[in-house]
Amino acid sequence: MWRNTVKSFLRRTKGLRVRAKNRGSCSRSDKKWVTPTGFDTGLKTFNSLTKQKEPLILAREGIATWYSCGPTVYDHAHLGHACSYVRFDVLQRILSRLFGITVIHAMVITDIDDKIIQRGWQDNVSPIIIARMYEEEFKKDMISLKVIPPAVYLRVTENVPQIVAFIQRIIENGNAYATKEGDVYFDIQSIGDRYGKFGIAGDSQEGAGSVSKKDVRDFALWKRSKPQEPHWESPWGPGRPGWHIECSTVASSVFGSQLDIHSGGVDLAFPHHENEVAQSEAYHRCEQWANYFLHSGHLHLKGSAEKMSKSLKNYITIKDFLRSHTANEFRMFCLLTKYRSAIDYSDSSMSEARGSLASICTYYNDAQAYVKGQLQCLPVQDVLLWERLAQTKANVMAALADDFDTPRAMNAIMDLVYQGNCQLQPVSTATGASRSPAVFGAMAAYIRDILDVFGIDSLHDKDAESMNQSGSLPAVVEQLTQFRSEVRAFALTRQSTTPGKLQEALYPERIPLLQASDQLRKNLAPLGVLIKDRGATSTWELTKRASEITDGMKPSIRKTGHE
């Protein structure tokens, strides 16, 4: 459905194929970013290497190679993790679904680390058991949040031989050295002023470390083994990989010497990503290993300047969050801020996200009711609405092409909802005036599809939703609503009070039927069945409460956005 929109958008850009001003060579020694050679996507993205927006140019047409730092699996994943992974999932969905770019995504799982070892000691189990347990929990959490899995997960422990070979090449290239104790360090002085591409070159990132270090800034590629720690054999003695080398090795094993996009939390820019760049470019002897670094902002508990993290004990696990909220609500929460901005988590911010989603869902259901003839309205200005729809599509595409500006895109969508609601002015009875169902059908379909691009899927038709319900609840509610509508229609039939006059009144003996119908509607609402009377007919929606009842009170996705 997006093909014509994308083609129209790309015609307004400077073209697909672009040549770099400087193709680059390995002889350069400064930190200047070089515009890649390849295919212009028509998008711009904020590149942490340049601290500004740059045209997103890919090495291959229609293909984006993307590497992201995965979790260190020693504990439950929390909302800070969720925020980063959901935000980048949205970006990848936008690239693939709107701009036709196939994203090849690889992620490493850090399954050997000081924290994992310590957790194993605390629980008196093997660190590998700890890692496998929390790795599986992480993957389940990502599925619960509807994050598309990468093309491949890679574990550090399954790539140790490749890591050893990677380190050996760096040593051979003159950029690392082994100590007599059995450690291997990267030699920062060997790359001169190329270190500090992110503009942050601190004095020490790992403490003083070994006295055999040449420079306090040198970082470990290989750590000698300590008593009771897992270890692997290497030319430098038994030990295990350093933190940074794992990502360079794994990313290179999948994508070679050229990577389009590297993503991670902003806290990883230094030292982790800085060191990745240094050792990767030393290994490949290239001047620019990754062309774009995308960093997501921190998640904060409102009122706290500190990010949500396990070490600070100020986190909410994903599982705990999903007991009272839905994945759709969390995605809306993420969409309302730019992916690289810090974001405050609080009850009020979640209420705002829930309210936005509810407004969209309410309009979607009203528009569908109008299209079906269940909602009678005053004549609408369909020409105006067609124009608004076209403008919204253009505004959303422009916003998302400008550094994936989801807040601006959502503002355009909410404005379309507002314009649609202004035109949907219900009347109690049919007036016989002309109707314009096509434009409302088109608006509802666009809103449903664009939210589906973002990973929000709460706007499905009732028939589709019934596949996810236990038993046949939707069919039962449909029959109940139809029966109630027939009873109401009978109760609302009016009689003439005076012979020869048009003044009418309800039949007194039928008023209890009308009251019983109203009471039934009120009683069903707390149970998750929302009935709306549309003149002589009625429509229904299932809310989150109905899902919980049918699923045995397990957390579930809200069906209409109403509480």
Side-chain angles (χ1 to χ4, degrees), residues 1-20 35-48 50 52-68 85-106 146-151 255 258-263 290-296 331 334-335 337-340 389-413 416 445-457:
M1 64 165 282
W2 307 106
R3 186 174 301 167
N4 292 336
T5 304
V6 173
K7 285 183 177 179
S8 175
F9 174 81
L10 289 175
R11 281 197 295 270
R12 298 195 297 271
T13 66
K14 62 182 180 181
L16 287 174
R17 180 82 182 185
V18 295
R19 293 285 182 186
T35 305
T37 299
F39 293 86
D40 193 340
T41 62
L43 292 86
K44 287 188 175 182
T45 188
F46 187 89
N47 191 354
S48 296
T50 63
Q52 64 184 18
K53 295 178 186 178
E54 304 287 357
L56 181 58
I57 300 170
L58 305 176
R60 298 176 183 83
E61 184 176 10
I63 301 291
T65 54
W66 187 310
Y67 176 81
S68 64
Y85 292 120
V86 167
R87 282 169 151 182
F88 286 126
D89 178 72
V90 169
L91 268 56
Q92 292 178 1
R93 286 170 178 267
I94 291 169
L95 283 176
S96 61
R97 296 282 300 278
L98 287 183
F99 294 94
I101 296 167
T102 300
V103 178
I104 311 300
H105 179 204
K146 294 182 271 190
V147 173
I148 298 173
F255 301 119
Q258 183 62 67
L259 177 63
D260 290 320
I261 300 171
H262 193 312
S263 66
N291 289 328
Y292 302 89
F293 272 85
L294 276 56
H295 288 117
S296 61
R331 279 185 175 262
C334 293
L335 288 168
T337 57
K338 291 185 178 180
Y339 74 93
R340 55 189 175 91
L389 177 58
Q391 188 61 51
T392 298
K393 290 181 178 180
N395 290 343
V396 168
M397 289 295 293
L400 298 179
D402 183 14
D403 195 30
F404 308 97
D405 194 341
T406 58
R408 183 149 59 100
M410 287 308 307
N411 283 339
I413 293 168
L416 181 65
Y446 172 72
I447 291 171
R448 177 197 63 208
D449 291 344
I450 193 64
L451 290 190
D452 190 62
V453 168
F454 297 151
I456 293 177
D457 59 0

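Contacts of R340 classified as salt bridge (charged side-chain N to carboxylate O under 4.0 Å, His left out), with partners at least two apart in sequence or in another chain: D403. A search for salt bridge (charged side-chain N to carboxylate O under 4.0 Å, His left out) contacts involving R93 returns D89, not counting sequence neighbours. In this view, T102 satisfies the side chain to side chain donor-acceptor pair (under 3.5 Å) rule with no residue, not counting sequence neighbours.
Proximity of V90 to F404: side-chain heavy atoms (C-beta onward) are nowhere separated by under 4.5 Å. The closest side-chain heavy-atom distance from L400 to L43 is not below 4.5 Å. You'll find the side chain of F99 reaches within 4.5 Å of the side chain of M397, heavy atoms only. Between F293 and N47 the shortest side-chain heavy-atom distance falls below 4.5 Å. Between I57 and T37 there is no side-chain heavy-atom pair separated by less than 4.5 Å. Looking at I63 and L58, their side chains never come closer than 4.5 Å, going by heavy atoms from C-beta outward. Taking the side chain as every heavy atom from C-beta outward, T45 and Y339 approach each other to under 4.5 Å. Considering only heavy atoms from C-beta on, I148 stays 4.5 Å or farther from V103 through its side chain.
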Begin with the C-alpha distance, continue with both residues' side-chain angles, and end with the deciding distance and a verdict on side-chain contact (heavy atoms from CB on, under 4.5 Å) for R408 and N395. CA-CA 8 Å; R408 183 149 59 100; N395 290 343; over 6 Å; no
With side-chain contact (heavy atoms from CB on, under 4.5 Å) as the test, would you mind laying out the steps for R331 and L451 before giving the verdict? CA-CA 10 Å; R331 279 185 175 262; L451 290 190; over 6 Å; no
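Closest heavy-atom contact between Y292 and E54: CE2-CB, 4.2 Å. In this structure, A399 and A409 approach most closely via the heavy-atom pair CB-N, 3.8 Å. Of all the heavy atoms in C334 and T406, the pair that sits closest is O-OG1, 4.4 Å. When all heavy atoms of A290 and H262 are compared, the closest pair comes out as CB-CB, 4.4 Å. Nearest heavy-atom pair across L294 and L91 is CD2-CD2, 3.8 Å. In this structure, M410 and F454 approach most closely via the heavy-atom pair SD-CE1, 3.9 Å.
Remark: H105 NE2 to S96 OG distance equals 12.5 Å, nearest 0.5 Å. Atom CG of D260 and atom CG of L56 lie 7.5 Å apart (nearest 0.5 Å). Between atom NZ of residue K146 and atom CD1 of residue I456 there is a gap of 7.5 Å, rounded to the nearest 0.5 Å. Going from atom CZ of F88 over to atom OG of S296 covers 4.0 Å, rounded to the nearest 0.5 Å. The structure places OG1 of T65 at 7.0 Å from CZ of R60, a figure rounded to the nearest 0.5 Å. Expressed to the nearest 0.5 Å, how far CD1 of I261 lies from CZ of F255 amounts to 10.0 Å.
The closest side-chain donor-acceptor pair between R87 and T337 falls under 3.5 angstrom.
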